[in-house]
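Quantities reported herein were computed from a predicted structural model and do not represent experimental measurements. Side chains included, hydrogens not; waters and symmetry mates left out as well; all remaining heavy atoms used.
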Amino acid sequence: PVGECTWRLRDVSMRPSLVHGNVLRTELESALLDLPATERMIYLLRDVEGYSPRQIATLLSLPEQQVKVALMAARLSLREMFAEREESQSAA
């Protein structure tokens, strides 16, 4: 469902959460499924299809600022997911 973004505020402290190396396509597809529906749609429209935030806002009938916030939240979520997976793999 598209509407109110389902993002939640995250602790964006200065803790490094860098992902080293490449991410496999299957890992990206799996991580995208873990995103809330609105964030996933906005991420795909922007970073995969190349739509501008203004175009996405028009398509989804959302304020442009909300689209930008949801996009940033999706990117942060993905980065955190990949960092956590990398940490668990290196610990094993």
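- Contact check for R79 versus E84: no side-chain heavy atoms found under the 4.5 Å cut-off.
- Taking CG of L28 as the reference point, atom CG of L32 lies at 4.5 Å (rounded to 0.5 Å).
- Taking every heavy atom of both residues into account, E27 and F82 meet most closely at O-CE2, 3.8 Å.
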Criterion side-chain contact (heavy atoms from CB on, under 4.5 Å) on S30 and R85, from CA distance to verdict: CA-CA 12 Å; S30 175; R85 288 178 186 177; 3.7 Å; yes
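- Within the model, atoms CG of L71 and CD1 of I56 stand 7.0 Å from one another, a figure rounded to the nearest 0.5 Å.
- Follow the hydrophobic side-chain contacts under 4.5 Å out from V48 and you never reach L33; the two are in separate clusters.
- Contacts of E64 classified as side-chain contact (heavy atoms from CB on, under 4.5 Å), with partners at least two apart in sequence or in another chain: P53, R54, A57, K68.
- Applying the side chain to side chain donor-acceptor pair (under 3.5 Å) test to Q65 and every residue at least two apart in sequence or in another chain returns nothing.
- Contact annotation: the side chain of P36 never approaches that of M41 to less than 4.5 Å [non-hydrogen atoms, C-beta and beyond].
- Residues L60 and L45 are in side-chain contact: their nearest non-hydrogen atoms beyond the backbone lie under 4.5 Å apart.
- Interatomic distance, CD1 of I42 versus CG of D47, reported as 11.0 Å (0.5 Å rounding).
- Scored by the side chain to side chain donor-acceptor pair (under 3.5 Å) test, D34 finds no partners at all (sequence neighbours excluded).
- Residues L35 and R40 share a closest heavy-atom pair of O-NH1, 2.9 Å.
- Residues E39 and A73 approach most closely at OE2-CB, 3.8 Å, considering heavy atoms.
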